[in-house]
Amino acid sequence: MSEDDATTKIAKSSGGAGKSIMVAVVVAAIGLAFSWFLGSQSQNLGGYSLVFICGVIAFGVNWLAFIPSAAAQSDKFYDTMGAVTYLSVTGIACLLSEQLDIRAIVIAAMVAIWALRLGSFLFMRIRREGGSDSRFEKIKVNPARFLVAWTLQAVWVTFTAAAALVAITASERVEIGIFFWLGAAIWVVGFAWEVIADRQKKEFKQDPSNKGDFINVGLWRWSRHPNYFGEITLWTGILVMTLPLLSGTAWLAVISPLFVTLLLTKVSGINLQNKQAEERWGDDPAYQEYRKNTPALIPMPPG
């Protein structure tokens, strides 16, 4: 997953044990401070906003998973636990919130559907690849650096799910209107685009006749990274559905699609994929033609 590519980059650069632990502490502080301010309009429990409680749970889930993973020096369940974290914070947000309205229920269902689909997809992918991910080879043998990776995953979930958590835990409900229906439509388009793109790539790779080739069929003729476009679009849809609820520091929820976009276009994602593609097919005229005529992200009908 491209988000994890960024995670491993940061974890690899976190240095010795002392520096790595400091990085984990700073990252956790940023994530918890973000969820504290994000929850300004959310319901409360015991004097703490439900959004902040969900932020604490995100770190708790990942730190608990880190313990057996570090002991076994295994990254087998890292991606899966990302999906589990989304399901955990969404589920807790629903359980602790009073009088869920249609907006909250629909958005919670959207996050759950996305997380279950992506989590199972990534779990099956790691099984096909032998239960290990090369990105973590040098990290998982170093507990402090491995802790940074798990901590970053908690922040990733907190930032990405920001708009959804605000909508689910809102202390004041707003009538369903145009923003709800527009956002829902955007989410459906994004989710379908991501699912179809992932399925097409999987089927392409499973065809022995395509071994060693780059994919340029289906949605991949419209964009070189249609799955990333779908990911950005679906989180944008959830933000649009949440807009009528935002005020004060709850506007921090806009970071959700912005964070995903930044991660997929600038931090890793497209940058990393382009580098790998150039290494594999840089001398292939067909690939250069494909690269020249196909947008990197936003789909355009093939000419």
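If you read the sequence from its start, that first residue is 1, and numbering goes on from there.
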Scanning both residues in full, the closest heavy-atom pair of R224 with Y290 reads CA-OH, 3.5 Å

Is the number of heavy atoms from other residues, nucleotides or ligands under 6.0 Å of F37 CZ greater than 12?
-> no

E203 and R199, any side-chain heavy atoms less than 4.5 Å apart = yes

Are any of the side-chain heavy atoms of E278 and Y287 separated by less than 4.5 Å?
-> yes

T158 and G55: which non-hydrogen atoms are nearest, and at how many Å?
-> OG1-CA, 4.3 Å

Roughly how far, to the nearest 0.5 Å, is CG of L246 from CD of Q41?
-> 9.0 Å

Please answer whether the main-chain N or O of S49 pairs with a side-chain N or O of Q43 as donor and acceptor at a distance below 3.5 Å.
-> no

Test item: I168 and T90 side chains (from C-beta on) under 4.5 Å apart, heavy atoms = yes

L50 and S97: side-chain contact (heavy atoms from CB on, under 4.5 Å), yes or no, with the steps?
-> CA-CA 8 Å; L50 295 188; S97 295; 3.5 Å; yes

Is Y48 reachable from V89 through a run of I, L, V, M, F, W or Y residues, each pair having side-chain heavy atoms under 4.5 Å apart?
-> yes

Establish whether L45 and L38 are linked, either directly or via other cluster members, by ILVMFWY side-chain heavy-atom contacts under 4.5 Å.
-> yes

Of I270, L263, L262, the residue whose pairing with K266 passes side-chain contact (heavy atoms from CB on, under 4.5 Å) | L262

Looking at A170 and R173, what are the two nearest heavy atoms and their distance?
-> O-CZ, 3.5 Å

Which residues satisfy the side-chain hydrogen bond (donor to acceptor under 3.5 Å, both in side chains) test with S120, sequence neighbours excluded?
-> none

Tell me, with the steps shown, if F214 and W220 meet side-chain contact (heavy atoms from CB on, under 4.5 Å).
-> CA-CA 10 Å; F214 61 91; W220 299 83; over 6 Å; no

Are F204 and D213 close enough, and set up right, to give a side-chain contact (heavy atoms from CB on, under 4.5 Å), and what steps lead you there?
-> CA-CA 9 Å; F204 183 87; D213 290 340; 4.1 Å; yes

Give a yes or no answer on whether the side chain of N210 reaches the backbone of Q206 with a donor-acceptor pair at less than 3.5 Å.
-> no

So how far is it from F59 CZ to L64 CG, rounded to the nearest 0.5 Å?
-> 13.5 Å

Which side chain to side chain donor-acceptor pair (under 3.5 Å) pairs, counting each pair once, include a residue from residues 176-194, with sequence neighbours left out?
-> W114-E194

Identify whether L245 and F159 are in the same connected component of the hydrophobic contact network (ILVMFWY, side-chain heavy atoms under 4.5 Å).
-> no

Does any non-hydrogen side-chain atom of R291 lie less than 4.5 Å from one of W281?
-> no

Rounded distance [0.5 Å steps], CG in L165 versus CD1 in I92 | 11.5 Å

Can you hop from I107 to L243 via hydrophobic side chains spaced under 4.5 Å?
-> yes

Closest non-hydrogen atom pair between P226 and A197, with its separation | CG-CB, 3.7 Å

Greater than 12 external heavy atoms within 6.0 Å of Q276's CD | yes

Within the side chain of Q200, is there an N or O that forms a donor-acceptor pair under 3.5 Å with the backbone of L219?
-> yes

Between CD1 of I102 and CZ of F180, what distance do you get to the nearest 0.5 Å?
-> 7.0 Å

Does any non-hydrogen side-chain atom of M81 lie less than 4.5 Å from one of S69?
-> no

Does any non-hydrogen side-chain atom of M110 lie less than 4.5 Å from one of L234?
-> no

From L258 atom CG to L252 atom CG, the distance as rounded to the nearest 0.5 Å = 11.0 Å

Over 12 foreign heavy atoms within 6.0 Å of CD, E279 | yes

Does the side chain of L100 reach to within under 4.5 Å of the side chain of C94, using non-hydrogen atoms?
-> yes

Nearest heavy-atom approach of A162 to A253 is CB-CA, 4.0 Å

Is the F146 ring parallel, tilted or perpendicular to the F66 ring (thresholds 30°, 60°)?
-> perpendicular

Is L87 reachable from V166 through a run of hydrophobic residues whose side-chain heavy atoms are each under 4.5 Å from the next?
-> no

Is the number of heavy atoms from other residues, nucleotides or ligands under 6.0 Å of D283 CG greater than 12?
-> no

Side chain of R103, backbone of M241: donor and acceptor closer than 3.5 Å?
-> yes

Qualifying residue, where the test is ring-ring contact (aromatic ring centres under 6.0 Å, His included) with W150 and the options are W63, W156, Y78 | Y78

To the nearest 0.5 angstrom, please state how far the CG atom of L264 sits from the CG atom of N227.
-> 8.5 Å

Any side-chain heavy-atom pair from L297 and I232 closer than 4.5 angstrom?
-> yes

How far apart are the C-alpha atoms of L32 and W36, what are their side-chain angles, what is the distance that settles it, and do they pass the side-chain contact (heavy atoms from CB on, under 4.5 Å) test?
-> CA-CA 6 Å; L32 291 173; W36 178 275; over 6 Å; no

Is atom CD1 of I298 surrounded by more than 12 heavy atoms (other residues, nucleotides or ligands) closer than 6.0 Å?
-> no

Smallest separation among heavy atoms of G82 and V157, with atom names | O-CG2, 4.1 Å

